[in-house]
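This report concerns only the one structure given below.
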Amino acid sequence: MEERYEHYMMVGDRALASLDFQEASKNYDMALQSAQEGTMTGDDFKLRPKMMVPTINLAKCLRELARYKEAEDILTKYIKDATDPPVDTRLHARVLSTLAELYQAQSKYDAAAKLHKQAVSMVRGGTPNLELAGSIAGYAETLRKSGDLPQAELHHREALAIRTRAVEEKSCTELELAVSYTQLGCTLAGMHKHNEAYQQHHRALGLRYRYLDFSHGLVSESMNYCAESLCALGRGVEGIPLALHAVEIRKTIFGTTHPAYAHALSILASCYQSVGRSFDARDCLEKCLEICEVAFQRNHANIIPNLMNYGNVLRSTGDLKKALSVYERAIAIHQLNFKEGQQASRLEKCRAEVDKLKAESERRDSCSSGGYSSVEDLSSLRIHPEPQASDSMGTPVIVFTDIGRDVDDEMALVLLSALRRKHLLDPKAVIATLSPVSDRANLARGSLDVLGMADVPVGIGGSGGAVKDLEVYKAVHSRSSESIEHCGITLACNVLKKANSKSVQILCLASLSDLAVLIKDHEELFISKVKEVVVMGGLLPIDSHDKLVPDTAYNNNCDMEAARFVYESCQELCVPTVTLSRWTAYGCPMRPELLDELARTEHMVATNIRKKSKESIDQLWKKVVLPPDDPGREKLPSRCDAKWFYQTFIGKELPAELPTSVWNDVEKLNMYDPLAVLMCVSSYRSTHFRCTKKVVNEVSHLVVGVCEEENGIRNRKALFDEYSALFLYAMQASLYEPKININYNSNFVDEVTSKRSALVNRAA
């Protein structure tokens, strides 16, 4: 019996630590049965404490699984059968606290407070320890939930002081402090002390990053609360990456029907609402409420904050009638769960919103003209945060991308987020081109969101010269959104109209089809507002022609007619161009190990890029081994065959027997588009690149990488170090992670200079 008991407890504890409540509850139940079998042998007094521990833990698991009745039956049976005085006062107090937490979860605050007081009085007599801290904190949480925030803060600070002393005395780890930081942070947030609340939650997140796996449920808890605090501070765009990761972690741990997942969706909704994306917020909240209606008992108090958020969002989308009914329901649930004076400020806020909505509805109904008569009329009204002055945000840039074809487009967005944080570039729009454009726009939208650029609009471009849909790699962060503009050209024009004269850079990382349309249809706007066009592509030898002529680089080859038009127009209209060629990318490759280092951050973009890089390499290999006229090669130039692949990317002769996968042989990866992003920043351009100038109509056009021998790289190692640090900075900053060092062979960029490096699904 003893061995079985210990085994079940060990397995249960391990499952509980990883928040696998289902598995933990099963093992605690088995441990409890083993202990009960022991009582039949006559050792009841000796074994009773052993029954208490699995009883407590089983009840906690059942509470997390929303099996409230079962948990209550187990705990109340123990209390009914308990001796007087209890065999173990400390454990008896834990039973009382556990039952109090169960009552609190069901909004039975008076009953919970009564039990917490009993538990605290039972353990307060001795030396302050973690048991006392836990009991005090439990009582404080009930006070917080019932609305007595000043008393909750007082008790949480006492619990924090006890835990801090325990850490100093090395009787527990620092991780114990994260509990107090989180609980105190939630209390301060309820008191609208958002700066201090954020500080507490950020401390908790830092400790949990340090001691727990990234995918741990407690990490997601701290991500959630940090995101919520950032949102309250008007920094919702910074909170969205944390909220998105929290949603995915909780989805994996708890599934899509658990209140913890619903809570993460609610916070994500608040963040989206704060950046003007009300329809995305609405979708999140509708999923959240659908879960809560099933997981909680009807009219549970925990639904009230979600209803209030939902009402606010519905009002923003123009659905005033539904918003009014939602707030009225929130008031009704409040009155069922709270006594007079409890959570009074929340009730007052709901009533004020009801009054505003009624008045607004009356004004709308009384309008005989110029008013809105339906939700559809109002659906175009979106809240947009006031943009900061462009001088403080860096150079405004519009990006055209065929994201999803290969990872370097998404890596370019990673770099863009780093440069935005450093106020060097100010992305104004990202336009997805190349069929299927909607899928690419969804990937761009999700990537920007999770990189901290949820306020950068995404537009849908044209087919990019493709006659059929080309592949778009999958990503968990890809997301459809009503915020995506259906016409990318219109979006670009709107950006240009608001911009200062000759201030905007256009960065083209894809086919030039959309840029050609922009120039053809809006030539005057293009001339007046565009400062420079930066293209990832290639040119015929510049000394052999009077003007710049595009070569067969992949982006040009997608729509050669458009490429010729863009270059001819820019030269005729005196708009400077900067062209980055494949030779530049070959001159500063990176090893796959860098992707491994970035993936250590566990940022969802980094982990997906590492995975898709292998897939992209193998896809390119499958294309190059096809005959030159095979349609499966798509727009791949005929010069790109299997021999070229091996000589260029692996640095070896083509073997007699061709492998099915070449990833393990790849030594280096080329990232074309990130280098083009760096070229948009004048300081990086002058530091890391040698530009060849071509003057046409008295305007200087720059080319980087005119040939294999002149790749335009000043110092390979310095450039590699620069963009590696920026990649890592972007990932860590969006997750508020502590810095980690990049471990790589710093000499590799100087090795075997005659070899080419691995292309990621692109033949430039």
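Side chain of Arg690 to backbone of Ile713: a donor-acceptor contact under 3.5 angstrom is found.
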Legend entry - Stepwise side chain to side chain contact (heavy atoms under 4.5 Å, CB included) check, Leu598 with Met411: CA-CA 11 Å; Leu598 297 177; Met411 290 292 275; 3.9 Å; yes
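The shortest distance between side-chain heavy atoms of Cys640 and Pro637 falls below 4.5 Å. The shortest side-chain heavy-atom distance between Tyr684 and Leu424 falls under the 4.5 Å cut-off. Thr490 has its side chain out of reach of Glu485: every pair of non-hydrogen atoms, C-beta onward, lies at least 4.5 Å apart. Looking only at side-chain heavy atoms (C-beta outward), Tyr272 and Val237 stay at 4.5 Å or farther from each other. Taking 4.5 Å as the limit, every side-chain heavy atom of Glu228 sits out of range of all side-chain heavy atoms of Ser270.
Residue pairs satisfying the ring-ring contact (aromatic ring centres under 6.0 Å, His included) criterion with at least one member in residues 593-625, sequence neighbours excluded, are listed as follows: His245-His603, Trp621-Phe645, Trp621-Tyr646.
With respect to the salt-bridge test (charged N to carboxylate O, under 4.0 angstrom), the residues Lys287 and Asp283 do not qualify. Between Arg445 and Asp449, at least one side-chain nitrogen of the basic residue sits less than 4.0 Å from a carboxylate oxygen of the acidic one, meeting the salt-bridge criterion. Using a 4.0 Å cut-off between a side-chain N of Lys or Arg and a carboxylate O of Asp or Glu, Lys717 and Asp721 qualify as a salt bridge. Using a 4.0 Å cut-off between a side-chain N of Lys or Arg and a carboxylate O of Asp or Glu, Arg610 and Glu615 do not qualify as a salt bridge. Under a 4.0 Å N-O distance rule, the pair Arg208/Glu221 qualifies as a salt bridge.
Considering Arg405, Gln619, Glu410 as possible partners of Tyr473, the one that fulfils the side-chain hydrogen bond (donor to acceptor under 3.5 Å, both in side chains) test is Glu410.
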